[in-house]
Amino acid sequence: MRLVLLGPPGAGKGTQSARLKEKYHVPQLSTGDMLRAAVKAATPAGLEAKAIMDKGALVPDETVVGIIADCIAAPDAKAGFILDGFPRTVRQAEALAKMLAAKNLDLDAVIELKVDEAALLARIAKRVNDTLACGGTVRADDTPEAFKTRLAAYNAETAPVAAFYAKKSVLKTVDGMALVDAVTEAIDQVLDGAVRTVRLG
Ligand code: ADP
């Protein structure tokens, strides 16, 4: 199963990807998590990315494409993967298409989680409060200003990625406003259809 999850920050990509990973036994490749790990480990890529991420802007395509190319080539991704947070620009989507074509592979589906912007702001505020209540550390880009920048980056750079996949007829849209379990169910239904189509086709 090779999947991409698309959606604005706070749409629930991480939550749904983690569930899909359990169901399909394929790795969840989250560029956000990988970049945060690189920042923590103070690798050259992490040091370069930190200020950009803190602002809520996108790190350069080359950086994330390099990271994802390594992950896709790794043995644990042989049976597939769930991409969470990548591709975020049309250039990244094109780079992914090239990587897969070189291995004679294709995506089974691209799932877009649709959520309205007012709900996103409320979700992020809740995530911050819940984290603080548990004594956790809040992400540097979960401030209102950085969140605005992340949303603007999504609308400018990532919304066209959905159009890119719609043109290729692999885009499936799911209502991300529903309860978490209902979203999972909707994704399951979409994937049942997608996998059957691929097998028949
Ligand atoms: P969210 O989806 O909640 O905004 P992520 O954890 O996916 O959060 O990403 C956090 C940050 O990491 C982004 O705002 C961006 O700076 C960086 N990032 C993650 N993935 C990419 C990507 N594919 N291209 C560019 N920057 C990325």
Side-chain angles (χ1 to χ4, degrees), residues 2-18 20-21 27-72 81-100 107 110-117 119-131 136-162 164-165 174 176 180 183:
R2 280 175 291 276
L3 283 183
V4 167
L5 250 74
L6 280 182
K13 296 184 300 288
T15 305
Q16 298 299 332
S17 302
L20 288 162
K21 167 188 163 176
Q28 171 190 1
L29 307 178
S30 159
T31 38
D33 286 350
M34 291 180 213
L35 288 167
R36 279 186 287 277
V39 168
K40 211 168 168 195
T43 65
L47 293 174
E48 185 203 336
K50 186 179 182 328
I52 301 174
M53 291 174 73
D54 286 356
K55 264 196 312 204
L58 295 184
V59 306
D61 288 334
E62 295 70 30
T63 309
V64 280
V65 167
I67 294 175
I68 285 296
D70 290 345
C71 294
I72 286 179
F81 48 76
I82 296 148
L83 287 172
D84 158 13
F86 180 95
R88 246 180 169 91
T89 66
V90 170
R91 277 189 61 210
Q92 292 177 20
E94 286 167 348
L96 175 64
K98 252 195 196 157
M99 277 176 227
L100 293 177
L107 293 172
V110 175
I111 297 169
E112 181 190 25
L113 297 176
K114 281 257 193 218
V115 181
D116 76 52
E117 290 198 4
L120 295 176
L121 289 166
R123 282 185 184 186
I124 293 294
K126 183 175 183 304
R127 181 157 96 189
V128 169
N129 284 339
D130 290 352
T131 307
T137 315
V138 174
R139 270 169 55 172
D141 60 353
D142 271 349
T143 61
E145 309 79 64
F147 188 75
K148 254 198 197 151
T149 309
R150 284 156 64 200
L151 214 48
Y154 182 82
N155 289 328
E157 304 280 352
T158 314
V161 175
F164 173 92
Y165 286 123
V174 165
V180 175
V183 176

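In this chain, residues are counted from 1 in sequence order. Just follow the structure's listing: the first ligand is 1, and inside any ligand the first atom is 1. These figures come from a predicted structure and were not determined experimentally.
Under 4.0 Å from ligand 1, the heavy atoms of R139 that appear belong solely to its side chain. Residue contacts with ligand 1, taken as heavy atom pairs separated by less than 4.0 Å, involve L58 via backbone and side-chain atoms alike.
In this structure, atom 20 (N) of ligand 1 lies nearest to the protein heavy atom T31 OG1, 2.8 Å. Looking at atom 18 (N) of ligand 1, its nearest protein heavy atom turns out to be L35 CD1, 3.4 Å. Taking atom 24 (N) of ligand 1 as the reference point, the nearest protein heavy-atom neighbour is Q92 NE2, 2.9 Å. When hydrogens are left out, the protein atom nearest atom 16 (O) of ligand 1 is A57 O, 2.5 Å; that is the closest non-hydrogen contact.
Between T31 and G85, the shortest heavy-atom distance links the atoms OG1-O, 3.0 Å.
The side chain to side chain contact (heavy atoms under 4.5 Å, CB included) test with V59 singles out one residue from E48, K50, M53, R88, and that residue is M53.
Note that CG of L121 is 9.5 Å distant from CG of D116, once rounded to the nearest 0.5 Å. The CG atom of D61 lies 4.5 Å from the CZ atom of R91; values are rounded to the nearest 0.5 Å.
The heavy atom nearest to atom 25 (C) of ligand 1, considering only D142, V59, T149, T89, is found in V59. Checking K13, M53, R150, R88 against atom 5 (P) of ligand 1, the nearest heavy atom belongs to R88.
For ligand 1, the atoms sitting less than 4.0 Å from at least one non-hydrogen atom of R36 are 6 (O), 10 (C), numbered in the order shown with element in parentheses. Against a heavy-atom cut-off of under 4.0 Å, D141 is close to the following atoms of ligand 1: 10 (C).
Of the N and O atoms on the side chains of N155 and E117, at least one donor lies less than 3.5 Å from an acceptor on the other residue.
Residues forming a side-chain contact (heavy atoms from CB on, under 4.5 Å) with K114 (at least two apart in sequence, or on another chain): E112, T173.
Where the criterion is an N or O separation shorter than 3.5 Å, residue side chain and backbone included, G85 meets it with respect to ligand 1.
Without hydrogens or angle criteria, Q16 side chain to V180 main chain gives a donor-acceptor distance under 3.5 Å.
Among residue pairs with one or both ends in residues 119-128, those qualifying as side chain to side chain donor-acceptor pair (under 3.5 Å) are K126-D130, R127-D142; sequence neighbours excluded.
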